[in-house]
Amino acid sequence: MVNEIYLTNSLSRKKELFVPLVPGFVGMYVCGPTVYGAPHLGHARPYITFDVLYRFLNHLGYRVRYVRNITDVGHLVDDADEGEDKIAKRARIEKLEPMEVVELYTDKFHEAMRALNNTHVSIEPRASGHIIEQIEMIQRIMDNGWAYVSNGSVYFDVLKYSKSHDYGKLSGRIIEDLIAGAGNERRELEGQEEKQNPADFALWKKAAPEHIMHWPSPWSEGFPGWHIECSAMSTKYLGETFDIHGGGMDLLFPHHESEIAQSKGACGKSPVRYWVHNNMITINGQKMGKSLGNFINLEELFTGEHKLLEQAYSPMTIRFFILQAHYRSTLDFSNDGLKAAEKGLVKLMNASEVLNKLHASEKSTSDIPAWRKACYDALADDLNTAITIAHLFEAVRIINSVNAGTETISANDLDVLKKTFNDFVFGILGLIRETNDSGADTDKLMKFILSLRNDAKSKKDFATSDKIRDELAAYGFKIKDEKDGTVSWTKD
RNA sequence: GGUCCUGUGGCCGAGUGGUUAGGCAGAGGUCUGCAAAACCUUGUACAGCGGUUCAAAUCCGCUCGGGACCUCCA
């Protein structure tokens with residue numbers, strides 16, 4: 001059992017040995033989706049990445065509390081609708097209640113997560129269900145003198161805070177630049193005139209009259225600022241300091257930087273020990289973005305209905321595709337890449353079936369214990385799923401070779417191989433066999449048809465046997481003559 | 001404009017001072033009635049230029065290309 005995991009900590013930008021705050025327990029918070037739109041390809045990456053981290057930590061014996069929020073309040077929409085709540089905007093377009101929209105897309109998000117086999121979350125708190133906690137945290141920040149009220153809104157005083165704290169450390173930002181409003185490109189944001197300083201950020205926003213989602217607070221009828229929900233909910237469920245906070249790299253600034261400031265402002269201590277960030281998925285080299293309009297929904301990916309898609313890709317193909325790259329690298333979407341992943345996954349799954357019928361010999365021709373260690377080492381080294389998968393394909397080669405009789409494996413090694421291979425493929429990487437669930441009737445029919453084909457073959461009537469095989473292939477049933485004389489089949 | 005990341009063979013994608021990444025595709029072979037699958041062999045790589053070093057794809061500098069953040073975003 002490997003106990004030493006290294007993770008790249010965005011705070012230090014280095015790989016660090018992971019040591020949990022409390023031995024044996026891990027608290028992990030991952031920024032969840034804003035549920036005002038359909039889940040897309042970009043959502044797949046962080047939740048698959050941190051699902052694998054969660055599974056691996058669990059596998060190593062840690063008890064992990066994994067918190068992933070649902071953002072269903074606040075947040076500004078694009079510049080055409082400055083100051084308007086995103087959810088409110090969608091609600092008006094679709095003539096739905098805001099919380100109806102939230103329910104709809106929360107369900108869609110859950111469906112997508114299930115399809116991708118991101119199944120385990122300990123707590124999934126909603127921002128709208130934690131308004132009180134957020135107000136309390138804002139009050140603590142104010143009591144400590146790090147925030148001020150302006151026209152019913154509350155802002156975090158970044159300038160004052162930065163004089164005694166390292167604001168900008170996580171994201172590599174320099175406070176002077178932020179204050180100077182560096183970048184002539186900076187867009188005029190709504191509410192800027194209420195701030196004492198352009199670098200300040202909102203903790204509470206007073207709602208405009210047309211704003212649909214709002215709550216009472218000591219300062220105004222309004223809604224929480226853009227970052228406070230994560231601070232309030234992570235503190236509530238994981239404590240003032242916890243082990244791992246994950247999310248996409250695009251959240252580094254200002255979201256996570258602000259979270260740190262808020263938590264320190266409220267509790268006086270750093271909230272997170274290991275900040276872990278996954279890189280973006282790009283399409284034709286460019287980041288997918290809601291405002292860029294180039295994003296692909298997961299549903300579209302699964303059905304193939306999108307102009308960029310040449311075919312449908314199954315959820316496991318997406319998962320495998322994402323895991324073939326390291327989480328800290330950008331991953332460029334392409335049909336060729338997805339198709340290659342699809343075939344590789346089939347090869348891996350086929351081998352897992354062959355593995356179950358392997359026979360042991362006196363001794364092994366491959367070093368199985370060394371292979372096992374390599375698998376653990378790869379994942380423990382900053383969750384390098386790409387290398388882990390490369391090792392799994394080495395196992396595929398061994399499995400197929402033993403099956404073909406060109407290699408042998410001892411009974412003991414076979415046990416280790418089975419256990420480790422299954423642990424990694426299914427348990428840790430979280431892949432599942434996507435069966436086509438043909439049903440018992442199909443099984444019977446196939447058995448009958450294949451017996452006819454066998455009769456034809458034994459009479460050397462290859463015209464008939466080939467016709468059967470070709471016809472079945474046209475329906476998506478692939479026939480395979482095994483070495484031992486049996487015939488197996490798969491459905492596309 | 002500021003900060004940071006990145007450029008690997010036909011495609012995707014690891015590695016980061018000396019040792020095979022891996023997958024997909026291509027070529028040849030074994031097996032097969034023919035296939036499929038599997039196995040074996042196999043080619044074109046580290047953007048360009050310069051520097052450090054016994055040794056660089058890997059470190060440093062410059063040039064060129066791509067991208068991210070600075071605004072909601074996974």
Side-chain angles (χ1 to χ4, degrees), chain A residues 13 30-34 36-37 39-50 71 74-79 82 86 168 171-174 176-178 180-189 226 246-255 277-282 285-292 295 320-321 324-326 328-348 350-351 354 378 384-394 396-397 399-401 403-407 457 460 462 465-466 469-470 473 478-483 488 490:
Chain A
R13 289 150 200 244
V30 174
C31 286
T34 303
Y36 73 100
H40 56 79
L41 180 55
H43 287 117
R45 175 105 101 148
Y47 307 131
I48 288 171
T49 299
F50 292 105
T71 296
H75 291 267
L76 294 170
V77 84
D78 63 31
D79 52 8
E82 283 184 358
K86 273 180 181 172
S171 55
R173 227 49 49 145
I174 297 160
E176 284 74 17
D177 293 347
L178 295 170
N184 335 323
E185 311 301 322
R186 277 185 83 116
R187 188 162 56 81
E188 267 309 304
L189 287 174
W226 314 323
M249 275 186 186
D250 52 343
L251 298 178
L252 266 166
F253 189 89
H255 189 56
H277 290 96
N278 63 277
N279 215 136
M280 302 291 99
I281 285 182
T282 59
Q286 213 185 18
K287 190 183 91 159
M288 277 203 330
K290 288 178 176 124
S291 50
L292 294 169
F295 63 93
F320 188 70
F321 175 68
Q324 270 192 307
H326 184 77
R328 289 187 55 81
S329 301
T330 54
L331 172 59
D332 197 43
F333 163 89
S334 70
N335 280 286
D336 286 348
L338 249 359
K339 279 189 247 182
E342 185 177 55
K343 292 196 175 179
L345 180 61
V346 167
K347 189 173 174 179
L348 194 65
N350 287 346
V354 173
N384 200 321
T385 53
I387 290 184
T388 305
I389 288 172
H391 290 314
L392 291 175
F393 275 108
E394 169 65 10
V396 168
R397 190 193 62 74
I399 290 165
N400 287 327
S401 294
N403 189 45
T406 54
E407 287 208 31
K457 275 178 69 178
K460 304 255 184 223
F462 296 123
S465 67
D466 286 359
R469 185 176 62 196
D470 295 345
K478 279 191 188 137
I479 308 304
K480 189 174 153 193
D481 291 330
E482 302 284 359
K483 248 200 164 88
S488 64
T490 54

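Every chain is numbered from 1, with letters handed out A, B, ... down the list of sequences.
Spacing of C1' atoms, G9(B) relative to G23(B), comes out at 14 Å, to the nearest Å. Spacing between G61(B) and A21(B) at atom C1', rounded to whole Å, works out to 30 Å. Across U32(B) and U44(B), the matching P atoms stand 33 Å from one another, rounded to whole Å. When the C1' atom is used for both G17(B) and U58(B), the distance is 6 Å, rounded to whole Å. Only the P atoms considered, G43(B) is 32 Å distant from C54(B), to the nearest whole Å. Spacing between U71(B) and G66(B) at atom P, rounded to whole Å, works out to 24 Å. Distance noted for atom C1' between A57(B) and C49(B): 15 Å (whole Å). The separation of A38(B) from U19(B), taken at their P atoms, amounts to 31 Å, rounded to a whole angstrom.
Of the candidate nucleotides C39(B), C72(B), A21(B), C39(B) has the atom lying nearest to any side-chain atom of Asn400(A). Picking from A14(B), C12(B), C72(B) the nucleotide with the shortest atom distance to the side chain of Pro254(A) gives C72(B). Comparing C69(B), C39(B), G13(B) by their nearest atom to the side chain of Thr406(A) picks out C39(B). Residue Lys480(A) has its side chain nearest to A36(B) when only A68(B), A36(B), C12(B) are considered.
One finds a side-chain N or O of Asn384(A) lying less than 4.0 angstrom from the OP1 or OP2 phosphate oxygen of G15(B). Between U6(B) and Thr330(A), no contact under 4.0 Å exists linking OP1 or OP2 to a side-chain N or O. In this structure, Lys343(A) reaches the A25(B) phosphate: one of its side-chain N or O atoms is under 4.0 Å from OP1 or OP2.
Across the strands present, A47(B) finds its partner in U63(B); the criterion is a Watson-Crick or G-U wobble pair with both atom distances under 3.5 angstrom. Across all strands shown, C31(B) forms no Watson-Crick or G-U wobble pair with both key distances under 3.5 Å. Across all strands shown, U52(B) forms no Watson-Crick or G-U wobble pair with both key distances under 3.5 Å. Base pairing annotation: U3(B) forms a Watson-Crick or G-U wobble pair with A68(B), both donor-acceptor distances under 3.5 Å.
The shortest distance between side-chain heavy atoms of Ile399(A) and Asn403(A) does not fall below 4.5 Å. No side-chain heavy atom of Ser329(A) sits under 4.5 Å from any side-chain heavy atom of Asn279(A). The shortest side-chain heavy-atom distance between Met249(A) and Met280(A) falls under the 4.5 Å cut-off.
Using a 5.5 Å limit on the distance between ring centres and a 30° limit on the angle between planes, the aromatic ring of Phe462(A) counts as stacked on the six-membered base ring of G33(B).
If you take CG of Asn278(A) and C1' of A74(B), they are 6 Å apart, rounded to a whole angstrom. With rounding to whole Å, Phe253(A) atom CZ is found 15 Å from C4(B) atom P. Between the P atom of C34(B) and the NZ atom of Lys478(A) lies a distance of 21 Å, rounded to the nearest Å. One atom, CD1 of Ile387(A), and another, C1' of G23(B), lie 14 Å apart when rounded to the nearest Å. Rounding to whole angstrom units, CD of residue Glu394(A) and C1' of G22(B) are separated by 10 Å. The CD1-P distance, from Ile389(A) to A21(B), rounds to 18 Å in whole Å. Following rounding to the nearest Å, Gln324(A) (CD) and C11(B) (P) show an atom-to-atom distance of 17 Å. Atom CG in Asp332(A) sits about 16 Å away from atom P in U6(B), given to the nearest Å.
As judged by a 4.0 angstrom heavy-atom cut-off over every strand, Gly344(A) is placed among residues touching the sugar-phosphate backbone only. Using a 4.0 Å heavy-atom criterion, one finds that Lys347(A) contacts the sugar-phosphate atoms exclusively. Contacts of Leu252(A) with the nucleic acid, taken as non-hydrogen atoms under 4.0 Å apart, are absent. Residue Asp466(A) is classed as a base contact, given a heavy-atom separation below 4.0 Å to a base. In this structure, Met280(A) reaches the bases: a heavy-atom distance under 4.0 Å links it to at least one base atom across the strands shown. Among the protein residues, Leu348(A) comes within range of no part of the nucleic acid, since none of its heavy atoms lies under 4.0 Å from any strand.
At a cut-off of 3.5 angstrom, counting only N and O atoms as typed in the model, there is a donor on one side and an acceptor on the other between the side-chain of Lys287(A) and the base of C73(B). Not a single donor-acceptor pair, N or O on each side, falls under 3.5 Å between the base of A38(B) and the side chain of Arg397(A). Arg469(A) contributes a side-chain N or O that forms a donor-acceptor pair with the base of C34(B) under 3.5 Å.
Between Ile479(A) and Ser171(A), it is Ser171(A) whose nearest contact on RNA chain B lies nearer the 5' terminus. A residue-by-residue look at Gly172(A) and Ser401(A) shows that Gly172(A) has its nearest nucleotide of RNA chain B further toward the 5' end.
Residues Phe393(A) and Gly344(A) share a closest heavy-atom pair of CZ-O, 3.4 Å. Closest non-hydrogen pair, Ala325(A) versus Leu331(A), comes out as CB-CD1, 3.9 Å. Shortest non-hydrogen contact noted between Ala386(A) and His326(A) is CB-N, 4.3 Å.
Residues Glu342(A) and Lys339(A) are not paired through a salt bridge, judged by the lack of any N-O separation under 4.0 Å between the basic side chain and the carboxylate.
Just one residue in the list Phe333(A), Phe295(A), Tyr47(A) forms a ring-ring contact (aromatic ring centres under 6.0 Å, His included) with His40(A), and that residue is Phe295(A).
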